[in-house]
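The structure under discussion appears below in the form of structure tokens.
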Amino acid sequence: MDKIRVLSDGVANQIAAGEVVGRPASVVKELMENAVDAGSNSITVNFKEGGRSLIQVADNGCGMSETDARLAFERHATSKIQTTEDLYRLSTFGFRGEALPSIASVSEIELRTRPCDRELGTRVVIQGGHFVEQAPVQTPQGTQIWVKNLFYNVPARRKFLKEPHVEARHLTAEFQRVALCNPHIAFALYNNDNPVYSLPKANLRQRIAGVHGKPLANHLLEVSVDTSIVRIEGFVGHPSVARKTNKEQYFFVNGRYFRSPYFHKAVLKAYEKVIAPETQPPYFLYLTLDPDRIDVNVHPSKTEIKFDDEQAMWQILNAAVRESLGKLGVVPLMDFEMDPSLDIPVYKEDTPYKIPGTGANPDFNPFVEERKTTAEARNFTVPRGNSPKVQPGWQSLYEVDSSVMTDALETDAPRETEWKPSEELDSSLIEFIDEGASEPRQGMLEIEAERSLGGLLRISDRWYATSWEGNLVVVDVDRARERVLYERYVQMLGNNAAVSQQLLFPERIELAADDLEVLRTMEDELQSLGFEWRFDGNEAVEVTGMAPELSVGLLAETLRELIGRFREDTAAPQQERLQDLAALLARQGASSHQTVSEAAVETLLEELFGCENRNYTPQGQPILVWIAGAELAQRFKS
């Protein structure tokens, strides 16, 4: 029997949907790009349940005729290309004709569209890839499309969708990318009919402020360079806004968003030694070059792009970012305005030229004895033999005051030497016993096996030493405080026993719209950690209470980092996500703490030794350095 057969259109479309439609965010991306290609100047997106039950995209573009509205759902039907060569001259987004048929094969779609020269529009209904009806309808100019019950006929795909708030964040991220690509178009986004974004037409900086908030837009440095290969425009962040988790990083080429770890390294290289190694800067960089120098048809999502000359573009991109930072004065900038001409003398005959001197004495010999050395001045007898003579003055390094030596030999009692540990002394190199003393000094740490916790010896504001069951222990106080706070916060999250520090004056923090949405989803967790706030419109939040250990000066940074961490850990189990929040808050609380008294350190150490894990911080950094009694005995050879 023959085994090879041609797949039906429905199965072929569902297979294509597996490449094009990964999640509701993919649907929003395809439909918004179609709206941009239609010449719209206003695009509205509304979704419900993270895009599972409804995705609606409306635009005021050119619209479609009755025939085009029906053909748009046929596979590989497109108005963008006709020949293979057209693939390398693309200036539009959707061009392969796979998006609409793929979406229609895994959902229920209703399309309403009307061109500007028609009085009536067209309504098309498709369910699961099967055509249902087409009829005239009264509708505004442009196109409106409803995508309902995504993956309703593919349960295996639907069960892999995440929670609605997770899918909503991915959907919002795709909306942001398209909005940042097209600042000349007005955009609006609604989540369950609640407004999230309302972005009017604006310039690029204003669009960035509308999407990611004014605090970030106020700390952006302009990038502008034009070469024969590529023109680069946009903004990079001031070093002060570099964060450990930075989602505000965008590359665009010819109005299309793309990812490139290779170009990302070019930007980070420009920030080298300007920001901390573990932090990353925000950037919004727009590349413009000839369409035939790039290939966008290498991935179904079209976020991976091949460039004709990546190495040259890497150098240009790195230099452009360095130039912007150089204007700020944070990196060395080459002065291209300096006159590069050199003053080279012209040769003339019969003109004597003299080689410039180097300033060195050609007759100098380091082994020739000076006329009068320090040794001769002090009647010091230089040993005979063939040993070379050395430079004068070396004998002063070995001078010894004989009176001091005599007093030391004649004194029977041991000398008292005051020992002051250095502030920068490494904890692993600490020696606590004075080799010349016959008995411990006052305040010296005593190693006693019968004591559970000995007295304290202050090494610096950060390091203290104590004894524990016959062992010498050096404690990092900051890390100890972090461990204590972490276990306290974990217990608070489990028992909902929050302690909040009320602020006399509420702290107003401006946040981007998507950050406010994330904050709403994590409200219960943060309230369990002592945070209290009220929303101030759609752009800010007023914090009225916070964890007692935090500093008000670090409140805004801490809240933004908590939001970023929560956004990254959406795929992690809830318990692990809560532990990450507790660890982050503990680190911030420990870093904001000021120098404490010795009594407070003793209390802290008692809490530390009562912790479940007292040796390491939540990040795995050591808290204690142990020196066993046996090691001390070995060092003293006893």
Side-chain angles (χ1 to χ4, degrees), residues 413-491 548-551 554 582-583 585-638:
R415 294 181 291 109
E416 285 288 325
T417 305
E418 183 181 2
W419 182 73
K420 296 182 179 179
S422 171
E423 292 288 333
E424 300 179 356
L425 190 62
D426 191 290
S427 59
S428 62
L429 303 176
I430 303 171
E431 295 183 3
F432 296 92
I433 308 299
D434 187 1
E435 296 180 355
S438 59
E439 59 185 49
R441 298 185 300 272
Q442 183 178 3
M444 176 179 290
L445 182 66
E446 299 179 8
I447 309 300
E448 296 179 342
E450 63 271 19
R451 298 175 58 187
S452 60
L453 185 64
L456 285 177
L457 175 67
R458 178 183 177 276
I459 303 173
S460 68
D461 290 339
R462 180 174 178 179
W463 293 324
Y464 279 77
T466 185
S467 63
W468 174 262
E469 297 180 352
N471 301 312
L472 185 63
V473 185
V474 181
V475 186
D476 189 316
V477 176
D478 292 343
R479 294 179 180 178
R481 186 179 295 109
E482 182 178 348
R483 166 53 66 175
V484 170
L485 291 178
Y486 169 74
E487 298 203 2
R488 184 183 303 171
Y489 291 146
V490 170
Q491 187 177 7
E549 295 80 8
L550 282 181
S551 170
L554 294 176
L585 193 60
R587 187 176 72 249
Q588 294 285 7
S591 63
S592 63
H593 216 282
Q594 302 297 325
T595 305
V596 295
S597 62
E598 186 172 324
V601 174
E602 291 180 356
T603 304
L604 176 65
L605 293 184
E606 291 178 0
E607 295 182 11
L608 174 66
F609 279 84
C611 289
E612 182 179 354
N613 184 351
R614 60 173 178 262
N615 292 316
Y616 296 95
T617 65
Q619 286 76 31
Q621 297 174 318
I623 301 174
L624 306 173
V625 174
W626 296 80
I627 302 178
E631 183 179 352
L632 290 175
Q634 183 180 2
R635 291 192 178 188
F636 281 104
K637 299 179 181 180
S638 59

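In what follows, residues are counted from 1 in the order of the sequence shown.
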Just verifying a value: how many Å separate I623 CD1 and R483 CZ, rounded to the nearest 0.5 Å? 6.0 Å
With sequence neighbours excluded, what pairs up with R479 under the salt bridge (charged side-chain N to carboxylate O under 4.0 Å, His left out) test? D476
Of all residues at least two apart in sequence or in a different chain, which pass the side-chain hydrogen bond (donor to acceptor under 3.5 Å, both in side chains) check with E607? R488
Of all heavy-atom pairs linking Y486 and P618, the shortest is CG-CG, 3.4 Å
Could you go through the side chain to side chain contact (heavy atoms under 4.5 Å, CB included) check for V475 and L604 one step at a time? CA-CA 11 Å; V475 186; L604 176 65; over 6 Å; no
